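Just so you know, these numbers come straight off a predicted model, no measurement behind them.
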Amino acid sequence: IKEAFTGDISTVKIGNSVFINAGGRMMKVLASSENGAVAEDTAIDIQALNSTGGAYGSSSNSMATTALTSVDGIGGTYNTNHMELKNNRDNGKILPLIKKKFLVYGDKVVYAVRKDVEETDGIDRQSFRTFCKERKIKWNNSESLLSVLDYICTGK
């Protein structure tokens, strides 16, 4: 594939991983059911790249240096020969990532945190809170989030 637009792609499978187009972003499917999927969005933590963690409680915003000032090539295309890429590979820095889980069903994408799920249309807050207590929902567990997704779609 030479070029593809995210809006034209519905699913991508790479090895054992499946990625779906959710709200215009490609997200990794962590768990799925007939009602939808629990998906994970991964992005570069730009704020962490530009912070220094100042000494003795000093603000990192007032420091003169940062961990990384720019990230070349993200979102753009550029011409670099293969040998240069290979030689620079070991000089790089591991980028800090932000991973967020989402509940994807129909054409909706809901951030998988209790507050956002409670504010979803059609959810009764009190019955949802009771459901969460009875099922002991763990918001970091994909299978637990799948039961939340099933609750949203079926009301049970």
Side-chain angles (χ1 to χ4, degrees), residues 1-54 57-63 65-78 92-156:
I1 296 174
K2 197 169 191 178
E3 181 178 14
F5 298 104
T6 307
D8 296 338
I9 300 170
S10 61
T11 306
V12 174
K13 185 173 183 180
I14 302 172
N16 293 331
S17 299
V18 177
F19 297 83
I20 59 172
N21 185 344
R25 295 184 58 95
M26 296 306 290
M27 296 186 192
K28 182 178 181 179
V29 175
L30 302 176
S32 63
S33 72
E34 63 276 357
N35 293 319
V38 177
E40 182 178 65
D41 182 38
T42 304
I44 298 171
D45 188 353
I46 299 295
Q47 187 174 6
L49 285 175
N50 292 325
S51 68
T52 59
S58 65
S59 171
S60 62
N61 295 334
S62 63
M63 300 296 289
T65 62
T66 58
L68 189 65
T69 57
S70 67
V71 180
D72 293 331
I74 291 181
T77 58
Y78 55 97
K93 179 175 180 169
I94 295 175
L95 298 173
L97 301 175
I98 298 173
K99 294 186 177 189
K100 294 182 180 180
K101 291 183 175 75
F102 290 87
L103 304 176
V104 181
Y105 58 100
D107 61 347
K108 296 186 180 179
V109 180
V110 178
Y111 184 36
V113 293
R114 188 164 127 178
K115 181 183 175 195
D116 285 18
V117 173
E118 282 180 352
E119 293 174 356
T120 303
D121 292 337
I123 298 292
D124 177 48
R125 272 190 175 167
Q126 195 57 42
S127 63
F128 179 69
R129 287 181 182 177
T130 303
F131 168 81
C132 289
K133 285 181 185 178
E134 288 174 356
R135 298 282 177 104
K136 297 179 181 167
I137 299 299
K138 295 182 177 120
W139 294 94
N140 289 326
N141 181 303
S142 300
E143 294 302 320
S144 188
L145 289 174
L146 201 56
S147 67
V148 172
L149 178 65
D150 292 338
Y151 174 85
I152 291 171
C153 294
T154 62
K156 299 177 186 176

How close do [X] and [Y] get, counting heavy atoms only, and between which atoms?
X	Y	answer
Tyr105	Asn35	CB-O, 3.4 Å
Leu145	Leu103	O-CD2, 3.7 Å
Ile14	Phe19	CD1-CE1, 4.2 Å
Ser147	Phe131	O-CZ, 3.5 Å
Arg25	Thr42	NH2-O, 4.0 Å
Lys100	Tyr111	CB-CE1, 3.6 Å

Test item: [X] and [Y] side chains (from C-beta on) under 4.5 Å apart, heavy atoms:
X	Y	result
Val12	Val18	no
Arg129	Arg114	yes
Val109	Phe102	yes

Value rounded to 0.5 Å, distance of [atom1] in [X] from [atom2] in [Y]:
X	Y	atom1	atom2	answer
Met27	Lys99	CE	NZ	14.0 Å
Glu118	Asp124	CD	CG	10.0 Å
Glu40	Ser142	CD	OG	7.5 Å
Cys132	Lys138	SG	NZ	13.0 Å
Ile152	Asp121	CD1	CG	11.0 Å
Ser33	Leu149	OG	CG	5.0 Å

Worked check of side chain to side chain donor-acceptor pair (under 3.5 Å) between Ser144 and Asn141: CA-CA 5 Å; Ser144 188; Asn141 181 303; 5.2 Å; no
message = Could you check whether any side-chain N or O of Asn21 sits under 3.5 Å from a backbone N or O of Ile9, counting only pairs where one atom can act as donor and the other as acceptor?
response =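 Looks like yes, one N/O pair under 3.5 Å.
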- Task: Report the C-alpha distance between Val117 and Trp139 in whole Å, list the side-chain angles of each, state the deciding distance to 0.1 Å, and finish with yes or no for side chain to side chain contact (heavy atoms under 4.5 Å, CB included).
- Result: CA-CA 11 Å; Val117 173; Trp139 294 94; 4.1 Å; yes
